[in-house]
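Notes follow once the structure below has been shown.
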Amino acid sequence: MAKIMLKLPKLAVSMQEGTLREWFVESGAQVTLGQPIYALETEKTTVEIESPFEGTFTCIGEVGETYKVGDPIAEILQ
Amino acid sequence: MTEATPLKKQLARTPKPDWLRVKAPTSKAYGETRKLMRDLNLHTVCEEAACPNIGECWTQKHATMMILGDICTRACAFCNIKTGKPGKVDPDEPAHVGEAVAKLGLRHVVITSVDRDDLEDGGASHWVEVIESIKGACPDTTIEVLTPDFRKKLGSTDLVAQAHPDVYNHNLETVPRLYRTIRPGARYFTSLRLLERVKEVVPSVFTKSGIMVGLGETKDEVLQVMDDMRAADVDFLTIGQYLQPTPRHAAVDRFVTPDEFTDYEKMARAKGFLMVSATPLTRSSYHADADFARLREAREHKLSAAS
């Protein structure tokens, strides 16, 4: 079993932070590759982030909070 | 368990309207496009401007290359490109752009650049080399240029137009009243005159221009800009929502609704533009490939109706 940390992605050269707007999956759910997992508000838009792996999902970040690029947002247990 | 570290709550943004939701750039083709740009030492306005459409466009390998470096001599309040003293022009860039267009397999390519007020010709001769390189490498690819205003660079616009791009785009960006705050280094009339001049020099070229809305302009001011563009014989109008790239840039005055964009499109078509793209996420080169085909059809239709 491998635990993979999902960090806040840098979606633009100038991006420093983003606000977690919505979870599309709950902790404990099974996610598949490419499944939308959360909505991230950046300076310009709201971006739907897809799961880069399949496995058991755990939410770490809180909706409404702003995080820096690289901060842990979620975990996937493979 | 790792703790997430929220920043101060007051930094949280106001939620964006639903119509500004996009998918993250994660596709394989996106990664390939990105790698090619890195390998050839090319810049793209897609990345530098933090374009919201990058995921969609790069998945189709539609990248808009930005020539003449990644540092601009202007400091427009809406734009995310770095301002400063640019470095030397890369003499290999024209060849690299041609190679990139061939590798991406583009039918239609959009090229833009930073402003180079520091160069005697504003970069026009380099523009010509890039256009010629693309024509040499990919003779069937149609070329759309999105140039600076070449302010105080006599003859530069003519030089680029005479290299015969298929579409010549220069954005007016906003209504004249907001130039002093939004586009302080530019002049409304200079930009409008450039568009008119391109048509005088090469009547067969399609001209294109765009504005951002949501910066505090009124509807009447937008309609006046449309009339001004038509007086300069501009064929293609783009209108998109202004989005603030960082907190240091001009604030968004308001989010214009999709219905208002539809109204702008109808009014622009009634004023005689051959092509109009007006949606919240419209950008200068968004869907430029498909829109160029429509533009050409629209002109043929107009000509056959007149004969």
Side-chain angles (χ1 to χ4, degrees), chain A residues 3-24 27-28 31-54 56-77, chain B residues 1-28 30-31 34 43-56 66 70 78-82 212 214 240-249 251-252 255 280-281 283:
Chain A
K3 201 189 270 186
I4 299 160
M5 186 66 72
L6 302 188
K7 295 175 177 176
L8 193 95
K10 192 174 179 72
L11 297 169
V13 182
S14 54
M15 181 174 166
Q16 305 288 330
E17 58 183 47
T19 302
L20 180 59
R21 200 49 81 190
E22 186 183 348
W23 286 116
F24 299 134
S27 286
V31 292
T32 54
L33 179 72
Q35 180 180 342
I37 46 178
Y38 66 95
L40 176 66
E41 186 122 351
T42 65
E43 295 292 350
K44 287 194 169 186
T45 49
T46 308
V47 186
E48 288 186 7
I49 307 294
E50 297 172 353
S51 178
F53 305 101
E54 54 180 35
T56 310
F57 194 78
T58 307
C59 307
I60 295 177
E62 280 178 41
V63 169
E65 294 290 355
T66 298
Y67 297 98
K68 286 182 185 162
V69 167
D71 279 351
I73 294 296
E75 231 170 41
I76 292 180
L77 199 63
Chain B
M1 167 107 188
T2 313
E3 291 266 319
T5 50
L7 297 176
K8 284 181 186 163
K9 284 214 171 171
Q10 58 263 36
L11 287 180
R13 298 166 178 80
T14 37
K16 305 273 186 312
D18 287 347
W19 59 80
L20 292 176
R21 194 171 269 229
V22 297
K23 285 206 169 14
T26 48
S27 71
K28 186 165 166 271
Y30 168 84
R34 191 181 149 98
H43 300 110
T44 64
V45 72
C46 324
E47 288 180 287
E48 303 294 333
C51 183
N53 302 323
I54 192 167
E56 179 188 340
M66 187 175 81
D70 64 345
F78 64 88
C79 181
N80 201 36
I81 311 292
K82 292 188 276 290
M212 301 165 286
Q241 169 70 48
Y242 166 65
L243 297 168
Q244 186 186 29
T246 77
R248 292 178 289 107
H249 290 83
V252 172
F255 292 109
L281 288 172
R283 295 295 179 264

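We name chains A, B, ... by the order of the sequence lines, and we start the count at 1 in each one. The structure displayed is predicted, hence computed values, not measured ones.
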Using a 4.5 Å cut-off on heavy atoms from C-beta on, say whether the side chain of P25(B) contacts that of L11(A). yes
Please classify the contact of T246(B) with chain A as side chain, backbone, both or neither, using a heavy-atom distance under 4.5 Å. both
Which heavy atom of K44(A) sits nearest a heavy atom of A49(B), and at what distance? NZ-O, 2.7 Å
Looking at every heavy atom in both K16(B) and T46(A), which two are closest together, and how far apart are they? CB-OG1, 3.7 Å
For side chain to side chain contact (heavy atoms under 4.5 Å, CB included), just list the numbers for L281(B) and T45(A), CA-CA rounded to whole Å, side-chain angles, deciding distance to a tenth of an Å, and then say yes or no. CA-CA 10 Å; L281(B) 288 172; T45(A) 49; 4.3 Å; yes
If you count heavy-atom pairs under 4.5 Å between each of L20(B), T26(B), I54(B), D18(B) and chain A, which one has the most? L20(B)
Spacing of S14(A) atom OG and R248(B) atom CZ [to the nearest 0.5 Å]: 8.0 Å
Please give me the minimum heavy-atom distance between A24(B) and I49(A), naming the atom from each residue. CB-CD1, 3.8 Å
If you measure from CZ on R21(B) to CD on E41(A), what distance do you get to the nearest 0.5 Å? 8.5 Å
